[in-house]
S.K.: 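Just passing along the structure, written as structure tokens.
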There are 2 protein chains.
Amino acid sequence: MDDQTVVREGLVLLLELLPGLEVVGAAADGEEALRLVPEVRPEVVLMDLRMPRMDGAETTRRLKAAHPEVEVVVLTTYADDESIFAALRAGARGYLTKDAGADEIARAVAAVRGGASQLDPAVQRRLVEAVAAAEPRAPRAGGLPDGLTRREAEVLALIARGRSNAEIAADLVISEATVKTHINNLFAKAALRDRAQAVSYAYRHGLAPGG
Amino acid sequence: MDDQTVVREGLVLLLELLPGLEVVGAAADGEEALRLVPEVRPEVVLMDLRMPRMDGAETTRRLKAAHPEVEVVVLTTYADDESIFAALRAGARGYLTKDAGADEIARAVAAVRGGASQLDPAVQRRLVEAVAAAEPRAPRAGGLPDGLTRREAEVLALIARGRSNAEIAADLVISEATVKTHINNLFAKAALRDRAQAVSYAYRHGLAPGG
DNA sequence: TTCCCTCTCCACCCGGGGGCGGAGCCGGCC
DNA sequence: GGCCGGCTCCGCCCCCGGGTGGAGAGGGAA
């Protein structure tokens, strides 16, 4: 799918030449694509990101919602992080730039049909770095930092959830005075000044609920 | 680098046959590799993950710490999530399984030398799915949530760093009154009650420095 | 020009948060 | 038995943080 007619028709011709690959349809924009897919039942959709009326990411999202079995390979000129992650989150499983040759397109299509992926090498690098930069997610089980007790960690988790002392007291069914004691103790142990720093500490050590 | 002598020597022979690729050394385990690298100054290191004495991830971590310019491509039989993410977090920029052909190894080496990556297709799929499943990390450049202004986001980032109002005022070279104004505005926009909730908000939206 | 938004600053109020000292209870360890 | 650490609670003090209302300067858009 591509909004530039010349590009699209050239691409169709190119793809028809490839063995093991059959072009069942072509669309000029997202809305046309969504109409076309139920008719022609493709296994794989090649998707441009920049299109009029509905962009590729949104089209991909709707396409996967309606037809989860259809695999989407993005084929676009842009390879910025924004586009890449938006497309992949929308459900695309391949991502090629338009300087990819016909053989690379064929490999990518074959890969997604086989449950794998074939991405542009630069995109692969972006993903590698995104994964490498992701937090190593501290193990939830045991091992509290700085000698915090279970109760203190529990209070800390509630602080990280934005609860006030009174709310924490209600949550744990203890008095507010006790909450303050726990807080003072954990502040001393973790060298924290106030609850704002405590929230940050909780996130960095994986003690925040869902963080 | 590989601990099985036969495998290692066979690999060396294979790689020597590839154009544009020169084998400058081979090691049986991580410690030997760390000794060898400063001597032979490789551009790219092929790394097995399962090795005696020091595993590939740890070796990669130390190698990148001592020689950040050296690129590491993992070449292993295992492609479970655990191994993949551990290796990439350790600093590897390529990941191949041992059913990769010589040409794929050559492509991977060339890719990392060129600042890109060439991963095993199955590994690519794992990364794509990891990224797709990851929380929609708000884009750092532009696109602030809930209509926050740049200044408000700046103040928020400092709050998330645990700074007091007075410290934030000093950091931004404005009065504390202005800081309080920004804070009140961003609290209203983001529906926050206090700075503890603000820190949590900052982390969830990727506005916290390093979070 | 006019209007709106952003950024800047002021004064006032007050309630929650944080510091400090002290205390009792319980269970585990020496 | 004695001791220690965790959990519970109390009172007191004080200041930072947050709410409100108001105001002026500068810039961009209509």
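All values below come from the heavy atoms of this structure, side chains included, with hydrogens, waters and symmetry mates left out. Lettering follows sequence order; numbering is per chain, from 1.
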S.K.: Does OP1 or OP2 of dG18(D) have a side-chain N or O of R193(B) closer than 4.0 Å?
M.R.: no

S.K.: Write down the distance between CD (Q197(B)) and P (dG18(D)), rounded to a whole number of angstrom.
M.R.: 10 Å

S.K.: Rounded to whole angstrom units, what separation is found between the NE2 atom of H182(B) and the P atom of dT6(C)?
M.R.: 11 Å

S.K.: If you compare every side-chain N and O of R151(B) against the phosphate oxygens of dT8(C) (OP1, OP2), does one of them come in below 4.0 Å?
M.R.: yes

S.K.: Check whether any side-chain heavy atom of M47(B) lies under 4.5 Å from a side-chain heavy atom of L63(B), and answer yes or no.
M.R.: yes

S.K.: Rounded to whole angstrom units, what separation is found between the CG atom of N165(A) and the P atom of dG17(C)?
M.R.: 4 Å

S.K.: How close do A116(B) and A122(A) get, heavy atom to heavy atom, and via which atoms?
M.R.: CB-N, 4.1 Å

S.K.: Between A177(B) and K189(B), just flag the one whose closest nucleotide in DNA chain C comes earlier from the 5' side.
M.R.: K189(B)

S.K.: Using a cut-off of strictly less than 4.0 Å, decide whether S175(B) has a side-chain nitrogen or oxygen near OP1 or OP2 of dC9(C).
M.R.: yes

S.K.: Between dG18(D), dG17(C), dC10(C), spot the one nearest the side chain of K180(A), thanks.
M.R.: dG17(C)

S.K.: Identify whether any heavy atom of T178(B) sits under 4.0 Å from a base atom; if not, whether one sits that close to sugar-phosphate; answer base, sugar-phosphate or nothing.
M.R.: base

S.K.: Please report the closest heavy-atom contact between P42(B) and V70(B), naming both atoms and the distance.
M.R.: O-CG2, 3.7 Å

S.K.: Do the non-hydrogen side-chain atoms of E43(B) and E69(B) ever get within less than 4.5 Å of each other?
M.R.: no

S.K.: Are any of R195(B)'s side-chain N or O atoms less than 4.0 Å away from OP1 or OP2 of dG18(D)?
M.R.: yes

S.K.: Starting at CD of E154(A) and ending at P of dG6(D), how long is that distance when rounded to a whole Å?
M.R.: 15 Å

S.K.: Please tell me if N184(A) has a side-chain N or O lying less than 4.0 Å from either OP1 or OP2 of dG18(C).
M.R.: no

S.K.: Does T181(B) make a side-chain N or O approach to OP1 or OP2 of dC9(C) shorter than 4.0 Å?
M.R.: no

S.K.: For E152(A) and dG5(D), give me the distance from atom CD to atom P, rounded to whole Å.
M.R.: 13 Å

S.K.: Indicate, with a heavy-atom threshold strictly under 4.0 Å, whether N185(B) touches base, sugar-phosphate, or nothing.
M.R.: nothing

S.K.: Could you tell me how far apart I174(B) (CD1) and dA25(D) (P) are, to the nearest whole angstrom?
M.R.: 19 Å

S.K.: F187(A) CZ to dC20(C) P: how many Å, rounded?
M.R.: 13 Å

S.K.: Do you see a donor-acceptor pair shorter than 3.5 Å between the side chains of S200(A) and Y203(B)?
M.R.: yes

S.K.: Rounded off to whole Å, could you give me the CD-to-C1' distance for the E176(A) and dG15(C) pair?
M.R.: 11 Å

